[in-house]
Novice: 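This is the structure I have questions about; it appears just below.
Since we're looking at a predicted model, the values are computed, not measured.
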Amino acid sequence: MRVEIWSDIACPWCYIGKARFTKGLAAFAHRDEVEVVFRSFELDPGSAKGVTAPVLEMLARKYGRTLDEARGMEEHVAASARAEGLTYRTEGRDHGNTFDVHRLLHLAAARGRQEELLDLAYRANFAEERSVFDPEVLVALAVEAGLDEAEAREVLADESAYADGVRADEREAAELGANAVPFFVFDRRYGISGGQPAEVFTQALEQAWAGREPVGADAAAEACEPDGACAVPQA
């Protein structure tokens, strides 16, 4: 079975959803026969390259809230992340264009190191004081993931490198009806979206394996929509 996961490194529910999917996969009897492929999805493709803004300010603008209210929204997401054993910083994170991150992830896929780089990029963005919008940080992450430093620099310097692969992923997402991420597709037959509980992923794997449509996925599961904002406003 192949499971494809569309996500963006800037999406907190993708970070959380990957952890939950990993737990769900671990509980699946045929886990060793599952190939997981990560696909590109930009939440804010129109943002200018090299221009960043604090996440809290972006959230406040998006929802018409104060910075304190935006901070509370981030704490809601952070609580979900911490429940999965993930570190999540609510302060000091930036929001920006992620196209270069996706291009580098395509290089990593070609070298068999995609998940390693993805995990490192998530950790840098959500748990550490390292900006994934800094090219030098991206190069360092690539090296940590086992990629060649010179090749990583070459890809980042050439804006056309792996660009077609990123765009192809995004076109496929649109064709499959993905309007929020994370988005999970099982053998190109069934799909579910959002950061579902681990047991929902296990059930989906079992039912897809058996050739039946997955059931039980909560349509209201938290996800990031393509507007650059991912937190769920608190009542």
Side-chain angles (χ1 to χ4, degrees), residues 1-45 77 80-81 83-86 88 98 101-102 105-106 108-109 113-123 125-126 165-227 229-232:
M1 180 191 298
R2 169 180 279 198
V3 178
E4 295 165 277
I5 305 174
W6 273 262
S7 58
D8 192 0
I9 196 64
C11 165
W13 295 113
C14 296
Y15 176 50
I16 295 166
K18 183 179 184 298
R20 291 174 176 173
F21 173 79
T22 299
K23 291 177 182 178
L25 179 61
F28 178 52
H30 303 284
R31 57 187 171 275
D32 293 337
E33 298 175 71
V34 177
E35 176 191 12
V36 181
V37 179
F38 297 94
R39 302 293 190 191
S40 298
F41 188 106
E42 294 174 273
L43 287 173
D44 194 6
V77 181
S80 294
E84 302 301 329
L86 300 172
Y88 190 100
T98 58
V101 185
H102 286 294
L105 283 167
H106 274 260
R113 309 297 294 175
Q114 186 185 43
E115 187 166 10
E116 288 82 357
L117 179 57
L118 181 62
D119 285 339
L120 287 166
Y122 274 141
R123 189 175 71 192
N125 189 47
F126 291 107
V166 176
R167 297 303 185 209
D169 280 356
E170 294 174 337
R171 284 195 301 272
E172 285 188 300
E175 290 166 3
L176 291 167
N179 53 20
V181 286
F183 184 66
F184 302 80
V185 176
F186 301 79
D187 275 343
R188 287 296 172 108
R189 293 186 298 166
Y190 313 126
I192 59 175
S193 65
Q196 305 286 347
E199 56 270 21
V200 170
F201 287 121
T202 302
Q203 182 184 26
L205 287 161
E206 290 170 347
Q207 294 178 328
W209 184 269
R212 299 190 300 270
E213 184 175 358
V215 297
D218 180 4
E222 295 96 338
C224 294
E225 298 180 355
D227 60 3
C230 302
V232 176

Novice: Can any side-chain N or O of W6 pair as donor or acceptor with the backbone N or O of D169 at less than 3.5 Å?
Specialist: yes
Novice: Show the nearest heavy-atom pair for residues I192 and V200, with the distance to one decimal.
Specialist: CD1-CG1, 4.4 Å
Novice: Search all heavy atoms of A19 against all heavy atoms of E84 and return the closest pair with its distance.
Specialist: CB-CB, 4.4 Å
Novice: Got E42 and R167 here, is their nearest side-chain heavy-atom distance under 4.5 Å?
Specialist: yes
Novice: To the nearest 0.5 Å, how far apart are NE2 in H102 and CZ in F38?
Specialist: 13.0 Å
Novice: Please name the pair of heavy atoms, one in R189 and one in V185, separated by the smallest distance, quoted to 0.1 Å.
Specialist: N-CG1, 4.4 Å
Novice: Output, in order, the C-alpha distance, side-chain angles, deciding distance and verdict of side-chain contact (heavy atoms from CB on, under 4.5 Å) for T22 and F201.
Specialist: CA-CA 9 Å; T22 299; F201 287 121; over 6 Å; no
Novice: I need the E116 CD to Q114 CD distance, nearest 0.5 Å.
Specialist: 9.5 Å
Novice: Do D187 and W209 come close enough that some side-chain heavy atom pair is under 4.5 Å?
Specialist: no
Novice: If you compare all heavy atoms of V181 against all heavy atoms of C11, which two are closest, and at what distance to 0.1 Å?
Specialist: O-SG, 3.7 Å
Novice: Using 4.0 Å as the upper bound for N to carboxylate O, is an ion pair formed by R20 and E199?
Specialist: no
Novice: Within the structure provided, determine whether H106 and S40 are in side-chain contact (heavy-atom separation under 4.5 Å).
Specialist: yes
Novice: Hey, are the side chains of S80 and Y88 touching, using non-hydrogen atoms and a 4.5 Å cut-off?
Specialist: no
Novice: Which atom names give the shortest non-hydrogen contact between V77 and I16, and what distance separates them?
Specialist: O-CD1, 3.8 Å
Novice: Measuring only between side-chain heavy atoms, which start at C-beta, is K18 closer than 4.5 Å to L118?
Specialist: yes
Novice: Looking at CG of N125 and CG of L120, how far apart are the two atoms once the value is rounded to the nearest 0.5 Å?
Specialist: 12.5 Å
Novice: Please report the closest heavy-atom contact between Y190 and G211, naming both atoms and the distance.
Specialist: OH-O, 2.9 Å
Novice: To the nearest 0.5 angstrom, please state how far the CG atom of L176 sits from the CD atom of E4.
Specialist: 7.5 Å
Novice: Side-chain contact test, heavy atoms from C-beta onward, threshold under 4.5 Å: evaluate it for I5 versus V36 and give yes or no.
Specialist: yes
Novice: Determine, using ring centers only, whether F21 and F184 are less than 6.0 Å apart.
Specialist: yes
Novice: Looking at Y15 and R123, would you say the former's side chain and the latter's main chain have a donor-acceptor pair under 3.5 Å?
Specialist: no
Novice: Would you say that R2 contacts R188 through its side chain, given a criterion of any heavy-atom pair below 4.5 Å between the two side chains?
Specialist: no
Novice: Side chain of D8, backbone of T98: donor and acceptor closer than 3.5 Å?
Specialist: no
Novice: Hey, could you give me the OG/CG distance between S7 and L105, rounded to the nearest 0.5 Å?
Specialist: 8.0 Å
Novice: Would you call the rings of Y122 and F126 parallel, tilted or perpendicular if under 30° counts as parallel and over 60° as perpendicular?
Specialist: tilted
Novice: To the nearest 0.5 angstrom, please state how far the NE2 atom of H30 sits from the CE atom of M1.
Specialist: 8.5 Å
